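Chain A is the first sequence line, chain B the second, and so forth, proteins listed ahead of strands; every chain is numbered from 1. Computed from a predicted structure; not experimentally measured.
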Amino acid sequence: MRRARARTRAPCGRADLSPYRAVRHAVWSAAHVTWAPPGGEMTTASQEAGQEERREGAPLDTLSLDERLYRMRHSAAHVLAEAVLEMFPEAKYAFGPPIENGFYYDFDLPRPLTPEDLTRIERRMRGTVHRDVPIEGRWIPKDEARAIFADQPYKLEMIEEIEDDVVGFFSHAEFDDLCEGGHAERTGEIGAFALTHSAGAYWRGDERRPMLQRIYGALFPTQEELDAWLKAREEAERRDHRRLGRELELFTSSDLVGQGLPTLLPKGATVRRLLEDWVVTLERRAGYQHVYSPVLGKVDLYKRSGHWEHYQEDMFPPMQLEHDEMVLRPMNCPHHILAYETQLHSYRDLPLRIAEFGTMYRFERSGVVGGLSRVRAMSLNDAHIFCTPDQIKSEFAGVMRLVEEVYAVLGITQYSYRLSLRDPADTEKYVDNDAMWELGQRVLREAMDELELDYVTAEGEAAFYGPKLDIQIRDMLGREETMSTIQVDFHLPEQFELRYIGEDGAEHRPVIVHRGVLGTAERMMAYLIELYAGAFPVWLAPVQATVIPIADRHLDYANEVRDALLARDLRVEVDSGGDRMGAKIRKAQLQKVPYMLVVGDREAEANTVSLRHRALGDLGATPLAEAVVRIAGERDAKSLDPDPETE
RNA sequence: GCCGGUGUAGCUCAGAGGUAGAGCAGCUGUUUCGUAAACAGCAGGUCGAGGGUUCGAUUCCCCCCGCCGGCUCCA
């Protein structure tokens, strides 16, 4: 198995593309996403470059690289920078790597860019591509680099951070860049590209440093591939859960309520309740016990748990009551700990699994909230497993089984594992206890290895109290989010002085495994809306069937059909409006109702329905009883649609 | 929170320094129809909030708020 943790050096001066991030892209590319480069997994060019002779005058040759796309995208970033520098001679250029579907470059510019600027920049870039000039690289001494980039503060900063005596240098035409390569040989080999948008980005990804302007471009070897990607992106935008949420009447939000506080409408509430009931059932079978705990509590509780010290910034500010300061809970671990503490436990009680589907409140920064995937009131499918240290691995495996079952039923196939570790240097964010972290991280690694699962590691992504294994999914636009998470915690048991009586009659400290399967109901719904493009499988569909009477005289029979479905506990509506049948079908199609039951004279006569499926179309005359069995059967089997992609 | 964009009817969007328009949805009427949109009429907006410039602002300027794209953060 692959422990995907390679040392990578970022191009154009190894700035803010963290090793983890570079590798993460590689894993996604290889395992899940749209392209796999000729060599299979995307080895970054700089890994190869690192094996070359680093001395002054040595050719910085990348011909051996079998990474054409990487090189095309990287060179396109250089061509972009060249165009921007021509248009804005006073511009400072910072960092410009190839990324998954293209490239970007960061600039410090005298004024904000407009869409027209992008058009002009793009035109200039095409000129450079057309001129087909050679791109050349070599190693140069640091002093020479300092002279070349004398008026480029960002480049100078990068030069100073390079430990070698020589630095990579690439140029084409009049354009120079500090860069360790992975480039096309000539600008004519760059392929088909388009500048997509510009956005702000902090220098070095650090919010205390200047905000630069980042220009993003998409690039593929051929125009056909680029067009296909642009088209796919447009389609992805059409299944944005925020858009579908409105169109399908799933949820709404209002600035009268506040940012990040959406309201689930009846149809969305139906979906959530079904998901929730189902997962609670699975958890009960897996030995979890469910509790309810309050959303408001004294700040002292969170001081004891450590949340206050480490998490205060992310909590809603406290409210002052008569004698106490109260806060909205950001997590419910302390409550579950209190549930554990109501009894003195024997080792025979363990593992004890306390679960709750409750809402947490987190004061997310205003720029990040949106839709259902990033909210300030989130309903966690949370549980805390109190166990002995030697039960951690089997509990971990049990959670993974649960996650896999849930994902399989929902049809979630594109996800990756991320082992989130602490950043040892960050004692502010993380509980300061080296031994505890080492142990927790080792246990998680071992557990993953035993399950033979591939993962990437991410330093600085852990919870404040312990390391975690996150399961990452991507939304339709490729943005990555954590869905499920499993966390090992030696800290909270210590804080609350938890204990159990062991076989030896002595007191021992239990371990807590925190875990979320759905993550949050909100984020899971956002994801599923996009995954299904709003066409929920029958078991989750807010309306499972619409009965469509052809004319008013068929209303009585339509109601009979409805009642037959209701008798099997199906969610059914009769469209008794004045529209023609075609319009009623269209309405039901647009609402993504799985089944339409058209009834007219023939059907009323023969006690049949004319069955239509939203994806399969007209299925023809079907005896009413048969139609009911079919729909109820699909519901009970939690079947996925034949092919949601093609809808 | 930061950078940029943006905010006109329930939704999607036009418009212009002289107090606004379309399509869909809604309502009413006519039509009773066979697998993705029948026809007609009606109604619907302090043009995101506040301030300023102006004889006059929804339009120009400032500030605030929301939304969108990123960054940072994160379930």
Side-chain angles (χ1 to χ4, degrees), chain A residues 16 104 106 109 111-115 196-216 237 240 242-243 246-247 249 252-259 311 313-314 330-331 360 362-371 373-376 378-382 420 429 460-461 463 468 470-473 477 479-485 487 514 516-524 526-527 548-555 578-590 596-603 610-614 617-621:
Chain A
D16 70 358
Y104 69 76
D106 289 343
L109 298 173
R111 64 165 174 86
L113 289 163
T114 64
T196 52
H197 60 292
S198 65
Y202 296 111
W203 166 235
R204 293 277 165 107
D206 184 340
E207 61 183 323
R208 291 162 304 191
R209 311 198 67 175
M211 177 66 71
L212 306 174
Q213 296 192 66
R214 174 172 297 177
I215 300 174
Y216 284 96
E237 278 163 16
D240 187 315
R242 292 165 298 196
R243 177 198 184 99
R246 186 170 51 242
E247 289 173 357
E249 299 163 39
T252 187
S253 33
S254 160
D255 51 4
L256 273 174
V257 184
Q259 275 195 302
Y311 208 73
E313 296 295 300
D314 302 300
M331 299 183 189
M360 310 298 143
R362 296 184 187 171
F363 187 59
E364 302 288 347
R365 298 218 259 174
S366 62
V368 308
V369 296
S373 52
R374 198 67 188 275
V375 294
R376 285 174 166 171
M378 63 204 75
S379 306
L380 254 59
N381 161 228
D382 206 3
S420 297
K429 179 176 175 185
E461 295 286 336
K468 53 185 184 148
D470 293 321
I471 300 171
Q472 304 294 110
I473 50 94
L477 295 171
R479 295 174 291 206
E480 202 171 83
E481 289 166 337
T482 301
M483 189 59 78
S484 312
T485 181
Q487 315 175 348
H514 307 239
V517 174
L518 296 188
T520 72
E522 291 80 9
R523 179 171 286 179
M524 180 55 92
Y527 181 73
I548 297 176
I550 287 175
D552 287 348
R553 65 176 180 280
H554 307 120
L555 257 177
D579 288 324
R580 292 187 176 178
M581 182 202 66
K584 290 179 180 178
I585 287 173
R586 183 177 146 83
K587 264 163 62 186
Q589 286 282 156
L590 291 174
M596 284 147 273
L597 286 65
V598 179
V599 295
D601 292 327
R602 297 200 294 268
E603 289 77 14
S610 179
L611 196 60
R612 179 185 167 94
H613 186 271
R614 63 183 169 202
D618 190 357
L619 300 173

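For the side-chain hydrogen bond (donor to acceptor under 3.5 Å, both in side chains) test, no residue two or more places apart in sequence or in another chain qualifies with A/Ser198. Scanning for side-chain hydrogen bond (donor to acceptor under 3.5 Å, both in side chains) contacts around A/Arg523 gives an empty result, with sequence neighbours left out. Applying the ring pair (Phe, Tyr, Trp, His ring centres under 6.0 Å) rule to A/Tyr311 yields no partners; only residues at least two apart in sequence or on another chain are considered. With sequence neighbours left out, the side chain to side chain contact (heavy atoms under 4.5 Å, CB included) criterion links A/Leu590 to A/Arg586. Taking A/Asp382 as the reference, nothing meets the side-chain hydrogen bond (donor to acceptor under 3.5 Å, both in side chains) condition, with sequence neighbours excluded. Scored by the salt bridge (Lys or Arg N to Asp or Glu O under 4.0 Å) test, A/Arg374 finds A/Glu364 as partners (sequence neighbours excluded). With sequence neighbours excluded, the residues that form a ring pair (Phe, Tyr, Trp, His ring centres under 6.0 Å) with A/His197 are A/Tyr216. Take A/Glu207 and apply the side-chain hydrogen bond (donor to acceptor under 3.5 Å, both in side chains) test, not counting sequence neighbours, and it matches A/Arg365.
Nearest-nucleotide assignment on RNA chain B puts the 5′-proximal partner with A/Gly600, out of A/Met483 and A/Gly600. Toward the 5' end of RNA chain B, the nearer of the two residues A/Asp314 and A/Leu212, judged by each one's closest nucleotide, is A/Leu212.
For B/A75, its base sits under 3.5 Å from the side chain of A/Glu364 at one donor and acceptor pair at least. Donor-acceptor pairing under 3.5 Å, judged by distance alone, is present between the side chain of A/Arg374 and the base of B/C73.
Rounded to whole Å, the separation between the P atoms of B/G15 and B/U6 comes to 14 Å. Annotation: B/G52 and B/G45 have their P atoms spaced 27 Å apart (nearest Å). Atom name C1', nucleotides B/U31 and B/U19: the rounded distance is 41 Å, in whole Å. B/G17 and B/U30 have their C1' atoms separated by 46 Å, given to the nearest Å.
Between A/Tyr216 and B/G4, a side-chain N or O to OP1/OP2 separation shorter than 4.0 Å is absent. For B/C74, the OP1/OP2 oxygens have a side-chain nitrogen or oxygen of A/Lys429 closer than 4.0 Å. One finds no side-chain N or O of A/Arg111 lying less than 4.0 angstrom from the OP1 or OP2 phosphate oxygen of B/G4.
Contacts of A/Asp206 with the nucleic acid, taken as non-hydrogen atoms under 4.0 Å apart, are absent. When heavy atoms are screened at a 4.0 angstrom cut-off, A/Leu380 is found touching no nucleic acid atom at all. If you check every strand for non-hydrogen atoms under 4.0 Å, A/Thr485 touches nothing. Base engagement by A/Ala551 is indicated by at least one non-hydrogen atom pair under 4.0 Å involving a base atom. Here A/Gly367 lies in heavy-atom contact (under 4.0 Å) with a base. Contacts of A/Gly617 with the nucleic acid, taken as non-hydrogen atoms under 4.0 Å apart, are absent. A/Arg479 comes within contact range of the sugar-phosphate backbone alone, with a heavy-atom separation under 4.0 Å but no base atom that close. Within 4.0 Å of A/Glu603, counting heavy atoms only, lies at least one base atom of the nucleic acid. Residue-level contact check: A/Arg553 touches the backbone only, with heavy atoms under 4.0 Å from sugar-phosphate atoms and none from bases.
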A/Asp106/A/Arg214 under salt bridge (charged side-chain N to carboxylate O under 4.0 Å, His left out): CA gap, chis, key distance, verdict: CA-CA 4 Å; A/Asp106 289 343; A/Arg214 174 172 297 177; 2.7 Å; yes
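Going from atom CH2 of A/Trp203 over to atom C1' of B/G70 covers 18 Å, rounded to whole Å. What separates CZ of A/Arg365 from P of B/U72 is a distance of 11 Å, to the nearest Å. Atom OH of A/Tyr104 and atom C1' of B/C3 are 15 Å apart (whole Å). Rounded to whole angstrom, the span from the CD atom of A/Glu313 across to the C1' atom of B/U72 amounts to 14 Å. Atoms CD (A/Gln472) and C1' (B/C74) sit 10 Å apart, rounded to a whole Å. As rounded to whole Å, 15 Å separates atom P of B/C74 from atom CZ of A/Arg376. When rounded to the nearest whole Å, the span between CG of A/Asp106 and C1' of B/G70 equals 10 Å.
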Pairing string, 5' to 3', for RNA chain B - Watson-Crick or wobble contacts under 3.5 Å, brackets [ ] where pairs cross, | to another strand: (((((((..((((....[..)))).(((((.......))))).....(.(((..]....))).))))))))....
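Between the side chains of A/Glu522 and A/Ser379, at least one donor N or O sits under 3.5 Å from an acceptor N or O.
Ionic pairing of A/Arg204 and A/Asp206 is not present here: no N-O contact between side-chain nitrogen and carboxylate oxygen is shorter than 4.0 angstrom.
For A/Arg523, taking side-chain heavy atoms from C-beta onward, the closest of the listed nucleotides B/G69, B/C3, B/A75 is B/A75. Of the listed nucleotides (B/U32, B/A36, B/A75), B/A75 has the atom at the smallest distance from the side chain of A/Lys468. Checking B/C3, B/U72, B/A36 against every side-chain atom of A/Gln589, the shortest atom distance belongs to B/A36. The side chain of A/Leu590 sits closest to B/A36 out of B/A75, B/A36, B/C73. Distances were taken from every side-chain heavy atom of A/Asp552 (C-beta onward) to each of B/G4, B/G34, B/U32; the shortest belongs to B/U32. Side chain of A/Arg612, nearest nucleotide from B/U72, B/A36, B/C33: B/A36. Of the candidate nucleotides B/C2, B/A38, B/G34, B/A38 has the atom lying nearest to any side-chain atom of A/Ala583. Residue A/Met378 places its side chain closer to B/A75 than to any other of B/G69, B/G70, B/A75.
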Using atom names, set out every protein N or O paired with an N or O of nucleotides 65-67 of chain B below 3.5 Å, distance rounded to 0.1 Å.
from, atom 1, to, atom 2, distance (Å)
B/G66, OP1, A/Gln259, OE1, 3.3
B/C67, OP2, A/Gln259, NE2, 2.4

Return the polar atom pairs (N/O with N/O) between nucleotides 41-44 of chain B and the protein under 3.5 Å, or none.
none

Scan nucleotides 10-15 of chain B against the protein and return all N/O pairs shorter than 3.5 Å with their distances rounded to 0.1 Å.
from, atom 1, to, atom 2, distance (Å)
B/U12, OP1, A/Arg246, NH2, 3.0

